[in-house]
Amino acid sequence: MSDISVQLKNEAAAKLPAPITVADALRQLDRALAKQALTAKVDGRDVDLTFELQPQENGDAVRIEPVLPETLEGLGVLRHSTAHLLAAAVLDLFPGSKLGIGPPLLDDPRYGFFYDVIAPRPLTDADLPAIEKRMREIGKRNFAYRREEISREEALRIFRERDEPLKCELIENKGGPVVSVYYIDGTPFIDFCIGPHVPNTNKLRAFKLLSLAGAYWMGDSERPQMQRIYGTAFFTQEELDAWIKQREEAERRDHRRLGRELDLFSIQEEYGQGLIFWHPNGAMIRKQMEDYLYEELVKRNYSFVYTPHIAKRELWQISGHEQNYGDSMFAPTKLEDTEFRLKPMNCPFHIGIYKSQQRSYRNLPQRYAEMGTVYRAELSGTLHGLMRVRGFTVDDAHLFCTPDQVRREISDCVDFVNQVFHTFGFDKVKFELSVKGSDTSKQYLGAEEDWAQAEAALADSLNERGIDYARVEGEAAFYGPKIDFKIEDAIGRLWQLGTVQWDFNLPERFELEYIGEDNKPHRPVMVHRALFGSIERFFGVLIEHYAGAFPLWLAPVQIAVLPITDRINEYAEAVAKQLRGDGLRIEIDLRSEKISAKIRHAQLQKVPFMLVLGDRERDENRIAVRERTRGDIGTMTVEEFQRMARDLVTRRALVNIE
RNA sequence: GCCGGCGUAGCUCAGUGGUAGAGCAUCUGAUUUGUAAUCAGAGGGUCGGGGGUUCAAGUCCCUUCGCCGGCUCCA
């Protein structure tokens, strides 16, 4: 028996008798660590604890680094192994089930893992508790996760015998000559899997199955649809409980619930899916959002335009929308032998305005802004509250400029969007630079060097502001690269808001020109940009962001005037009138209710300020002010309050009180 | 569009084949109130729509529409 030199992390190397497994080596080096370890890295390679250490050929020490709980990597292993446990339970309860894939999910806060299955009969939510129970039973019996390396042919034979066609397909597509499979001993489960896994099922304690959903095999809607079982797992029950609690709190912020409770908007079946009705409260907020934007647009030297909602079909053929985007457009409608289509985007209309006269380099850039309402034929299953709708308004703008000007324009757009997010108090915006992919199946327009130049301009505008962004290959539009701004909703879904896009396509298609210094025609560069993206979606995100408690400048009702008795009504009316005269939005509660009931009502409506008025206030000609989150903040004169409120509104302050 | 689930009063929900209910909200009356729910009464429903089984359907079956969670899609 020879020795093997083993080094634990950065500690000194030790000689251990070979052969020896990682688990045994760890036990000899550090018992506490050995107990905790889930898997390990051996010279940087992920392995199970049962992995047998081999001496290095050059005699160097083998470096072991255990993968421990409470690390992201450890969590990934835990969830991956839990997914296997799930599959084992399904096979046990529903023999004959076909298995798909079952990965851990670390990026998506909604879930921890899933496994795709086709059971002999469709599973329903009611089956989840039984499956979870079986997982616990298996878990308690401390079965081992056992890895085996076998030939590809052997693996195919095993999975064919078990009638697992999907697994066979995976092996054929992904497997090398030797593949690894994992068993959970004591169960009928075997998986084609690269690992690594926890040593035994006893490690898995805090897990929960969450939901059941449909999912296409290999994400292809032409292929069979499977059932995806979602679950999550943590190292301790406390972590799991905290996660569940947080999820419940998040659900309380759901904009669909708050939209109803605060009477902000509705969607009405009898009028059509995905069409938004802005009620007075929501419309008031929207007006504040738009007013803010208009103010900024003027400061940034944009021009305003208004354009139609519908245009000749031919226009959409010239623009290429019909060819590239036709599935998302409402079908044509005919009038006197001419076909028309509702607009899914505003760009062709703004181009129409650009083309209405000859342009010179001297009067570029032209910046056309419009709150343009567009209609898209989204599939019914994709609709979601305000976030995904069929009719929405884009705070759109198109910038027409010379090639020399475009970098500056893009940079200004990024500055603008940054300011907007700052104003609304968003701090968790994700920036993505979407560029051309290497995938040749997607047709991209424009020359290689144009793409490189455009990408550099976009990247620079982010870099010069120190904005973190992800570069995403293959996500660019076919007509050019873009920057997207995304944000998470209350339940962890990511939604795209605004975008800045460089367009190689439309200036060509519409043969746009400007006359240059050389007195010759040149092609302008076109940039699309939206900050909110869709006003509906941005509003949805805003509702959840503030949990319905809007800052003063946005709140539909800013101040509730609450007289304590009927005697005070007249004084209350006078106070309300004075504040209204200053442009503040006031509601007065003259109901025959106790003051605590009126306060409760205003609190539930999340009104920022309440003015409690009784005999004392009237006699002293003052008001008692209550702030939504602070409660009673004392009395003051109407003028003092008015000054404070006006200041908060003017500054678009995010909090009502410093 | 596809898979699974769910549709009962404005909202949240109860109602396992035998006379459609509760709380909140709304309206009316009484009460005149000091910082998160005063009391009493009233109105409100073709139980999502259509069809079927049955002596009898909110309840069972079929179908259709919508909603929810995913998948696909998402300029």
Side-chain angles (χ1 to χ4, degrees), chain A residues 108 110-111 114 116 118-119 122-128 210-230 251 254 256-257 260-261 263 266-270 272-274 319-321 324-325 327-328 344-347 374 376-385 387-388 394 396 434 475-480 482 484 491 493 495-496 499 501 503 505-506 528 530 533-534 537 562-569 591-605 610-617 624-628 630-634:
Chain A
D108 189 334
R110 289 174 291 167
Y111 305 108
F114 66 79
D116 285 347
I118 302 175
L123 301 176
T124 78
D125 292 336
D127 294 317
L128 294 184
L210 300 168
S211 64
L212 203 54
Y216 297 107
W217 172 238
M218 299 313 269
D220 183 346
S221 55
E222 301 297 312
R223 309 209 52 184
Q225 187 156 36
M226 312 186 66
Q227 289 193 291
R228 175 166 296 177
I229 305 172
Y230 278 106
E251 276 163 17
D254 193 308
R256 292 164 298 182
R257 166 202 289 260
R260 197 171 45 235
E261 288 175 358
D263 198 16
S266 63
I267 298 167
Q268 304 188 20
E269 181 185 331
E270 32 315 346
Q273 299 170 267
S319 71
H321 282 90
N324 293 302
Y325 201 64
D327 289 348
S328 296
M345 290 183 210
N346 300 301
C347 7
V374 298
R376 298 185 185 175
E378 303 288 354
L379 295 179
S380 60
T382 66
L383 301 174
H384 180 84
M387 303 301 199
R388 188 80 180 266
V394 185
D396 218 346
S434 296
E475 281 300 302
F478 69 90
Y479 55 71
K482 56 177 183 167
D484 288 330
I491 37 187
R493 277 181 281 224
W495 296 99
Q496 177 168 336
T499 182
Q501 306 185 349
D503 188 338
N505 180 43
L506 291 178
H528 309 244
S534 140
R537 179 179 288 179
L562 312 177
I564 291 172
T565 77
D566 293 353
R567 288 195 301 284
I568 311 299
N569 286 358
R591 292 176 306 157
S592 170
E593 286 286 355
K594 281 168 56 172
I595 189 63
S596 52
K598 293 184 181 185
I599 287 171
R600 179 179 153 82
H601 179 75
Q603 287 284 159
L604 291 175
Q605 289 301 301
M610 286 148 251
L611 308 183
V612 177
L613 306 180
D615 292 322
R616 288 205 294 275
E617 285 72 26
V625 180
R626 182 185 164 98
E627 196 273 331
R628 178 173 58 197
R630 296 249 178 133
D632 191 349
I633 58 170

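A note on names: the letters A, B, ... follow the listed sequences, proteins ahead of strands, and every chain is numbered from 1.
Nearest nucleotide to the side chain of A/R388, out of B/C3, B/C74, B/U35: B/C74. Among B/U32, B/A36, B/C2, the nucleotide with an atom closest to any side-chain atom of A/S592 is B/U32. Closest to the side chain of A/D615, out of B/G34, B/G69, B/C71, is B/G34. Here B/A36 is the nucleotide among B/G1, B/A36, B/G70 with the atom lying nearest to any side-chain atom of A/R600. When distances run from any side-chain atom of A/Q603 to the nucleotides B/G1, B/A36, B/U12, the shortest one goes to B/A36. Closest approach to the A/E269 side chain among B/C65, B/U72, B/G34 is made by B/C65 (side chain taken as heavy atoms from C-beta onward). Ranking B/G1, B/C3, B/U35 by closeness to the A/S596 side chain, first place goes to B/U35. With B/U72, B/G34, B/G69 as the choices, the nucleotide that has an atom nearest any side-chain atom of A/I564 turns out to be B/G34.
Between A/R567 and B/U33, a side-chain N or O to OP1/OP2 separation shorter than 4.0 Å is present. The phosphate of B/G70 (OP1 or OP2) has a side-chain N or O of A/R110 nearer than 4.0 angstrom. Note on A/H384: every side-chain N or O is 4.0 Å or more away from OP1 and OP2 of B/G70. Proximity of A/Q273 to the phosphate of B/G66: a side-chain N or O atom is located under 4.0 Å from OP1 or OP2. Remark: A/R223 is not in phosphate contact with B/C2, judged by side-chain N or O atoms under 4.0 Å from OP1 or OP2. Neither OP1 nor OP2 of B/C71 sits under 4.0 Å from any side-chain N or O of A/S221. The phosphate of B/G4 has neither OP1 nor OP2 within less than 4.0 Å of any side-chain N or O from A/Y230. At B/G69, one or more side-chain N or O atoms of A/R256 fall inside 4.0 Å of OP1 or OP2 (strictly under the cut-off).
The residue among A/S319 and A/A597 whose nearest nucleotide of RNA chain B is located toward the 5' end is A/A597. Of the two residues near RNA chain B, A/P344 and A/R591, the one whose nearest nucleotide lies more 5' is A/R591.
Using N1 to N3 plus N6-O4 or O6-N4 for Watson-Crick, or N1-O2 and O6-N3 for G-U wobble, each under 3.5 Å, B/C24 pairs with B/G10. Remark: B/C74 base-pairs with no nucleotide; criterion is Watson-Crick or G-U wobble with both hydrogen-bond distances under 3.5 Å. Using the Watson-Crick or G-U wobble rule with both distances under 3.5 Å, B/U38 pairs with B/A30. B/G44 is unpaired under the criterion used here, namely a Watson-Crick or G-U wobble arrangement in which both key atom distances are under 3.5 Å.
Residue contacts shown for A/L123 are limited to sugar-phosphate atoms, with no base heavy atom under 4.0 Å away. Among the atoms of the strands shown, base atoms are found under 4.0 Å from some heavy atom of A/G614. Across all strands, A/A126 comes closer than 4.0 Å to no nucleic acid atom at all (heavy-atom distances). Nucleic acid contact class of A/D220 (heavy atoms, under 4.0 Å, all strands): none.
Within a 6.0 Å sphere centred on CG of A/D220, other residues, nucleotides and ligands contribute more than 12 heavy atoms.
Below the 3.5 angstrom threshold, one finds no donor paired with an acceptor across the side chain of A/E261 and the base of B/G10. For B/C2, its base sits under 3.5 Å from the side chain of A/Q225 at one donor and acceptor pair at least. With hydrogens and angles left out, the side chain of A/Y216 and the base of B/G1 share a donor-acceptor pair within 3.5 Å.
For the P atom pair drawn from B/G18 and B/G58, the interatomic distance equals 10 Å after rounding to whole Å.
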